[in-house]
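Read the structure below first, then the notes.
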2 protein chains.
Amino acid sequence: MSDEILTRERILNVAEEVLRRYGPAKTTVIDVARALNVSHGSVYRHFPSKAALRDAVTERWLVEVSAPLQAVVTEDTPAPERLRRWLKLLISTKHRRAFNDPELFATYMELVKEARTVVKAHVELLAEQAAYIISDGVRRGEFETDDPISAGQAVIDATTRYHNPTHASEWSDPDIDAAFERVWHLILCGLGKRNTQA
Amino acid sequence: MSDEILTRERILNVAEEVLRRYGPAKTTVIDVARALNVSHGSVYRHFPSKAALRDAVTERWLVEVSAPLQAVVTEDTPAPERLRRWLKLLISTKHRRAFNDPELFATYMELVKEARTVVKAHVELLAEQAAYIISDGVRRGEFETDDPISAGQAVIDATTRYHNPTHASEWSDPDIDAAFERVWHLILCGLGKRNTQA
């Protein structure tokens with residue numbers, strides 16, 4: 001019953017397992033404390049409410065998507081190829097999660113519904129990453145747009161079908177890769193890169 | 001108990017009401033026949049199975065979306081404005097249904113899950129309508145693309161967030177119109193119409 005090794009990380013690991021097992025609707029802080037073999041007060045010291053704990057679990061899941069993308073954003077490579085690689089990594093990360101662990105994926109599908117602020121921040125971060133690459137592309141003379149911020153948001157929205165978990169049931173469609181290529185071509189042209197294959 | 005006035009249209013009207021009341025999972029052909037005050041054999045004469053009846057109800061609902069759009073498609077007007085008007089009509093039709101009769105909208109959300117072939121044909125028709133406008137725009141020298149068919153499919157996919165019922169919960173977001181405008185600008189540039197407001 002010691003709190004000494006009760007790190008934030010350890011609570012989140014166990015909370016994820018408990019959420020997966022009982023489902024987000026039924027999981028309480030007491031369930032998580034019991035699985036950790038600590039008092040619920042010990043958990044509350046790190047997370048002041050059930051909502052805060054759920055949000056933290058959701059946030060970590062989303063950071064695991066956005067953090068590896070950041071490495072692509074700051075590469076010193078042609079922006080059109082970089083934007084494509086960034087999008088493909090975003091999409092493949094989401095698809096891998098949906099296919100490899102459908103049960104955990106379903107759990108997070110439930111969690112994100114309640115964590116609107118956390119999800120909003122995640123989508124804004126993705127849009128900023130896209131905007132950074134587009135802006136860098138304008139600087140390098142590879143893209144042409146007067147508003148990279150709006151363009152970054154538009155790129156995220158226009159590719160919704162391929163990375164938004166709401167569409168996970170479509171990700172096994174045989175046409176899905178070709179559909180992405182068609183939208184990618186439209187985006188590439190839309191960003192001022194004309195008659196070009198990236 | 002006469003079949004004389006038992007038209008396909010009348011069965012579909014009543015079936016829609018019964019589906020709304022009992023939900024798609026529970027509704028049977030017998031329920032529909034009872035509501036029509038006819039034998040279930042009379043209904044089966046028009047629709048050979050429960051699935052055929054459900055598909056026909058779903059198809060009618062989707063044709064009510066696509067038919068008014070067709071009038072815009074064949075207008076003799078500048079293609080960029082026409083494509084925008086076509087998209088805005090598609091989007092406003094979907095939003096109106098979601099907001100005006102949420103119960104019926106939810107019923108159809110259930111129905112489309114089971115009617116994949118009907119939905120696929122609907123999405124293909126929408127893509128063809130977009131492709132027709134784009135192709136006409138190329139002919140008129142207003143758009144520039146070598147593949148209007150792919151471009152039409154890309155336009156439908158890129159605007160998924162604004163017309164696909166899966167995203168209905170986002171349609172009351174205060175930012176949703178601005179988000180559409182950003183994607184529309186990207187599409188317009190992507191179709192070879194550069195530095196232009198439509």
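By convention in this document, chain letters (A, B, ...) are assigned in the order of the sequence lines, proteins followed by strands, and residues within each chain are numbered from 1. Every heavy atom of this structure was used, including side-chain atoms; hydrogens, water molecules and symmetry mates were not.
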When the side chains of residues 87-100 of chain B are checked against the rest of the protein, which donor-acceptor pairs come out under 3.5 Å, sequence neighbours left out?
unit_1 : atom_1 : unit_2 : atom_2 : d
B:S92  : OG     : B:K88  : O      : 3.0
B:S92  : OG     : B:L89  : O      : 3.2
B:T93  : OG1    : B:L89  : O      : 2.6
B:K94  : NZ     : B:H163 : O      : 3.1
B:H95  : NE2    : B:Y162 : O      : 2.8
B:R97  : NH1    : B:W61  : O      : 3.1
B:R97  : NH2    : B:W61  : O      : 2.8

Q) When heavy-atom pairs shorter than 4.5 Å are enumerated against chain A, which of B:T160, B:I187, B:L186, B:V183 gives the highest number? A) B:L186
Proximity breakdown for [X] and chain A, heavy-atom pairs closer than 4.5 Å:
X      : result
B:D173 : side chain
B:S150 : both
B:N164 : side chain

When the side chains of residues 104-115 of chain A are checked against the rest of the protein, which donor-acceptor pairs come out under 3.5 Å, sequence neighbours left out?
unit_1 : atom_1 : unit_2 : atom_2 : d
A:T107 : OG1    : A:E103 : O      : 2.9
A:Y108 : OH     : A:E16  : OE2    : 2.5
A:E110 : OE2    : A:K113 : NZ     : 3.0

Q. So which of A:S169, A:A178, A:A158, A:A179 has the biggest tally of heavy-atom pairs under 4.5 Å with chain B?
A.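 Most pairs with chain B among the choices: A:A158.
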(Q) I'd like to know which of A:V155, A:D157, A:D147, A:T166 tops the heavy-atom pair count under 4.5 Å against chain B. (A)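 Ranked by heavy-atom pairs under 4.5 Å with chain B, first place is A:D157.
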Q) Taking atom types as modelled, is there a side-chain donor on A:T58 or A:D55 under 3.5 Å from an acceptor on the other? A)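 Per modelled atom types, A:T58 and A:D55 side chains form no pair under 3.5 Å.
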**Q.** Aromatic plane relationship, B:W184 with B:F180 - under 30° parallel, 30 to 60° tilted, over 60° perpendicular
**A.** parallel
(Q) Using a strict threshold of under 4.0 Å (side-chain N to carboxylate O), is an ion pair present between A:R84 and A:E81? (A)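 No, A:E81 and A:R84 are not salt-bridged.
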